[in-house]
2 protein chains.
Amino acid sequence: MVTLKDVAKLVGVHPSVVSRVINNDGNLKIKEETRKRIQQAIEELNYRPNLSARNLKNSETKMLGMVIPDFSNPVYASIIHGAEDQAALEGYNLLLYSMKQKGLEKNYFSHLMENRIDGLLIANSESDDKEILNLKKEKKPFVLVNRFITGISNHVILDDELGGKLATKHLAQLGHKRIAHITGPLFTGTGIKRFQGYREGLKEEEINFISSYVQESEYTIEGGYRSMQALLDLSTPPTAVFASNIMVSLGAMKAIQDRGLSIPRDISIIGFHEVDFASSLSPSLTTIKMPLYEMGSESVKKLITIIQGREEENELGLIISGASLVVRDSTSPFLS
Amino acid sequence: MVTLKDVAKLVGVHPSVVSRVINNDGNLKIKEETRKRIQQAIEELNYRPNLSARNLKNSETKMLGMVIPDFSNPVYASIIHGAEDQAALEGYNLLLYSMKQKGLEKNYFSHLMENRIDGLLIANSESDDKEILNLKKEKKPFVLVNRFITGISNHVILDDELGGKLATKHLAQLGHKRIAHITGPLFTGTGIKRFQGYREGLKEEEINFISSYVQESEYTIEGGYRSMQALLDLSTPPTAVFASNIMVSLGAMKAIQDRGLSIPRDISIIGFHEVDFASSLSPSLTTIKMPLYEMGSESVKKLITIIQGREEENELGLIISGASLVVRDSTSPFLS
DNA sequence: TTGTAGGCGTTATCAG
DNA sequence: CTGATAACGCCTACAA
């Protein structure tokens, strides 16, 4: 392996000079000629700085950890994409940890303590509250992404309430009165807030809240399927459904169609979060599009400011505002 | 930050003793009592070894890079999952690079040269052949995943040909004679081999190959949509279609349904690669399930043997055998 | 069984 | 403008 020394020897100069040329601060003075010779030698030997050594010296790694529930969830693909771009922009790399990983003993926390990563983005919903509070105690840089824990303010979240409201009002404005909601787990911040949005939407449209039209579910295809079945079993089934998540939407659509009912003729359905394949479903799915990419990139921005000590510890959490309706074929006016 | 020294000082012992306790080889002799005291001190101070220092000393990082085209492709989710599990099992971590990343200047190659990662899994299909050959010249550990380059033998691939054959024969055995194939790009190994499988399948079932039933496409929803439209525009359209990829399947299904045709009554369709939501499409999609998870984990195994120098440079590539049919509602017998 | 010394490759500080 | 030196935190011969 080629080191600074080798380059220095070839040029006939001290290693520290080579170091300075590489970390080109601009304002340190080096004779133009030696700089040239050094750069030539670097090319010639194909020298590459050893990052482990640099990391040790600078006590930073320019790597950020990010915990996600699962790579196969398309919603996280967008968040990751935003995070990755922003990280690259600021010279950082992303080390991803999925919760599905076998034998993962929360080594993202270890890595933070062991300085493998400079900071951590926590985007999984499983409850690790104790360890997260510990990070806070240890003053390790981290940011909660799309997640909220009481007592911790450094989070970046979406306006899920607005999204839920938009979805519900869209259905109401199509003339539907019997609007159901398949919620996410009601111990998650997102589940609760989308549900609140649903209630607000009903209120603003002067529709009575009927508790049997609310089914608590998991964020899974199977959950959506079962919950939709329950709704269809009601003596007066809903004519429109707001599904709290894309997986839930898939399950619900399947349940409706398996009963021989047609979307949207018999039942309209709207999903939460926009994904690539929404337009290629049959029928194509009306969705609420949330700024997922932005949430990813803003999370990284926030984490880096914390790492670089440019932020007060107790700044308020960031809400990425915005939510928009993408109308497709799965929702249509209520036909009495 | 707490270091070895701090622990040693607290116990009243030399740092090297502490180091030995941590790297518990088992066969080095340390008085049981001092070991205990050291371990207590470690707990007490909450000491964590600094990985940058360790990496520098050992000239390894226990991190593997992996280049993928895009996080939002569900097929890669399975591969990543397999890779991640195997890596964790062997004490490694995965650093993922998506090709979609902005301002990514192939820094996965740099990272390999700069010893940020110990080896690289190359699973993207974009052509970087020159740089890959360079890696070989530099004797840097890498493995090609689901990809083939002439002159390079360390790859791990699937039996795409078998998969293509299975798909085609399934359709033939349902009585279809007019079987179309929407291929992937025919400059990719996977595209070519699935196409070959298609031809073999036809041959074995004694069905004539008709070139107008072959549409070359990209691995995208749009590509599948356009190619399917072209097939439907034929004077004698096919009654069954083998789509080379899951995205292509989505596009093709949409195209069929947009024409008011029914799947599978008018046209049967089979997709390549099994994904979570295949069963929740409408109709649910018959697919060829390939051992993606295994490909991921085997790739990591192979890479680690190369890193550890346990493998001859020119060993043959590995083919993960196996392909199976998952029959669902999108394929049905041909009705004359 | 434990201590000593040297070095992994880089960079910061100071002196020349 | 360039050189020397020390240090980042850890590990490993070798010596005691």
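As the structure is a computational prediction, the values presented were derived from the model and not from experiment. Residue numbers start from 1 in every chain, and the chains themselves are labelled A, B, ... in the order their sequence lines are given, proteins ahead of strands.
- No side-chain donor from either of B:Asn55 and B:Thr61 sits under 3.5 Å from a side-chain acceptor of the other.
- For B:Arg116 and C:dT10, the CZ to P distance is 14 Å, given to the nearest whole Å.
- Spacing between atom CD of B:Glu60 and atom P of C:dC8 amounts to 17 Å, rounded to whole angstrom units.
- By the ring pair (Phe, Tyr, Trp, His ring centres under 6.0 Å) test, A:Tyr47 pairs with no residue at all, sequence neighbours left out.
- Distance from the side chain of B:Lys31 is smallest for C:dT2 among the nucleotides C:dT2, D:dG9, C:dG9.
- A perpendicular orientation is assigned to the rings of B:Tyr293 and B:His81, their planes being inclined by more than 60° (bins at 30° and 60°).
- In this structure, A:Asn50 places its CG atom 18 Å from P of D:dC8, rounding to the nearest Å.
- A donor-acceptor pair shorter than 3.5 Å can be found between the side chains of A:Gln86 and A:Glu90.
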Salt bridge (charged side-chain N to carboxylate O under 4.0 Å, His left out) for B:Arg35 and B:Glu32? Distances and angles first, verdict last. CA-CA 5 Å; B:Arg35 179 192 297 276; B:Glu32 199 46 40; 3.7 Å; yes
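- With rounding to whole Å, A:Ile38 atom CD1 is found 13 Å from D:dC1 atom P.
- Here the P atom of nucleotide C:dT10 and the CG atom of B:Asn55 are 14 Å apart, to the nearest Å.
- Between B:Glu33 and B:Arg37 there is a salt bridge, since a side-chain N of the basic residue sits under 4.0 Å from a carboxylate O of the acidic one.
- Mapped onto DNA chain C by nearest heavy atom, B:Val17 and B:Ala53 fall at different nucleotides, with B:Val17 at the one closer to the 5' end.
- Side-chain contact, B:Tyr108 with A:Asn93: no donor N or O sits under 3.5 Å from an acceptor N or O.
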Do nucleotides 11-16 of chain D as a string where each nucleotide becomes B, S or -: B if the base has a protein heavy atom under 4.0 Å, S if just the sugar-phosphate does, - if no protein is that close. BB----
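- To the nearest angstrom, C1' of D:dG9 lies 10 Å from CG of A:Asn115.
- When distances are taken from the side chain of B:Val13 to each of C:dT2, D:dC1, D:dC10, the shortest belongs to C:dT2.
- One interatomic measurement links the two molecules: CD of B:Glu114 to P of C:dT10, which rounds to 10 Å at whole-angstrom precision.
- Per the geometry, CG belonging to B:Leu56 stands 9 Å off P belonging to C:dT10, to the nearest Å.
- For A:Ser52 and C:dC8, the shortest distance from a side-chain N or O to OP1 or OP2 is not below 4.0 Å.
- A:Thr34 comes within 4.0 angstrom of the backbone, heavy atoms only, and of no base.
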